[in-house]
Engineer: 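Here's a structure for you.
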Amino acid sequence: MKRIRIYRNPACAKCARYARMHERLDWLDRIENSTATPASGPLTMGEVVVEDLTMGELLHGAAALAAICRQIPAYAPLRVLLKIPAVRRAAD
């Protein structure tokens, strides 16, 4: 069952590369990648928005990255790093 939807800019090659990596590492089939425009509006190059499908809330920046890390077990070490304020600011 999909738990989050990751919105990305369809023209961003870097975002497409990350989306493919997320799909390869999503062993539990919890994420969905989308190039549609989220409810928050059009995305700029490199911008990613995560929609929590259980709550319907949109997440941006470090909160979005944390949501992705919670759903993909291979990203667990990154979740720990996000607790460091400097790393969290960089992710925002």
Side-chain angles (χ1 to χ4, degrees):
M1 181 174 122
K2 305 291 185 187
R3 294 189 180 175
I4 62 171
R5 180 175 298 129
I6 304 171
Y7 292 100
R8 65 175 180 84
N9 186 313
C12 181
K14 183 177 177 182
C15 296
R17 192 169 54 250
Y18 284 138
R20 286 190 302 273
M21 182 175 59
H22 296 327
E23 288 172 0
R24 278 194 300 270
L25 295 174
D26 183 25
W27 308 309
L28 302 175
D29 198 35
R30 293 180 176 174
I31 65 163
E32 175 184 332
N33 286 299
S34 176
T35 57
T37 302
S40 61
L43 301 173
T44 60
M45 293 295 278
E47 183 180 10
V48 172
V49 173
V50 173
E51 179 182 9
D52 182 342
L53 297 175
T54 58
M55 302 266 224
E57 99 181 279
L58 292 176
L59 305 168
H60 302 268
L65 181 58
I68 294 169
C69 291
R70 279 192 299 276
Q71 300 307 321
I72 301 177
Y75 294 162
L78 187 55
R79 282 182 66 195
V80 174
L81 290 176
L82 282 173
K83 294 181 181 184
I84 300 170
V87 174
R88 189 165 186 86
R89 278 191 304 274
D92 268 340

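Values below: every heavy atom of this structure, side chains too, minus hydrogens, waters and symmetry copies.
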Engineer: Are V48 and Y7 packed together at the side-chain level, in the sense that at least one heavy-atom pair is separated by less than 4.5 angstrom?
Structural biologist: no

Engineer: Under 4.5 Å between any side-chain heavy atoms of L59 and E57, yes or no?
Structural biologist: yes

Engineer: Would you say that more than 12 heavy atoms from the other residues, nucleotides or ligands in this model lie under 6.0 Å from the OH of Y18, or not?
Structural biologist: no

Engineer: So do R88 and K83 actually touch side chain to side chain, heavy atoms under 4.5 Å?
Structural biologist: no

Engineer: Assess whether atom NZ of K2 is packed by more than 12 heavy atoms of other residues, nucleotides or ligands within 6.0 Å.
Structural biologist: yes

Engineer: Quick check: closest heavy atoms across V50 and A67, and the distance to 0.1 Å?
Structural biologist: CG1-CB, 4.1 Å

Engineer: Any chance the side chains of D26 and Q71 put a donor and an acceptor closer than 3.5 Å?
Structural biologist: no

Engineer: Following the transitive rule for hydrophobic clusters with a side-chain heavy-atom cut-off under 4.5 Å over Ile, Leu, Val, Met, Phe, Trp and Tyr, establish whether Y75 and L81 coincide in one cluster.
Structural biologist: no

Engineer: Nearest 0.5 Å, please: how far is CG in L28 from CE in M1?
Structural biologist: 12.5 Å

Engineer: If I compare all heavy atoms of R70 with all of R30, which pair ends up nearest, and what's the gap?
Structural biologist: O-NH1, 3.9 Å

Engineer: Does the side chain of H22 come within less than 4.5 Å of I72's, by heavy atoms?
Structural biologist: yes

Engineer: Distance check, rounded to the nearest 0.5 Å: E23 atom CD versus I6 atom CD1?
Structural biologist: 8.5 Å

Engineer: May I ask you to test the L78-L65 pair for a side-chain heavy-atom distance under 4.5 Å?
Structural biologist: yes

Engineer: Looking only at heavy atoms, which two atoms of C69 and R79 are closest? And how far apart?
Structural biologist: CB-CG, 3.1 Å

Engineer: Write down the atom of I4, the atom of I68, and the distance for their closest heavy-atom approach.
Structural biologist: CD1-CA, 3.9 Å

Engineer: State, with a plain yes or no, whether a side-chain heavy atom of C15 is found less than 4.5 Å away from one of E47.
Structural biologist: no

Engineer: Got P38 and L43 here, is their nearest side-chain heavy-atom distance under 4.5 Å?
Structural biologist: yes

Engineer: Of the options R8, R3, R5, which is the one that meets E51 in a salt bridge (charged side-chain N to carboxylate O under 4.0 Å, His left out)?
Structural biologist: R5

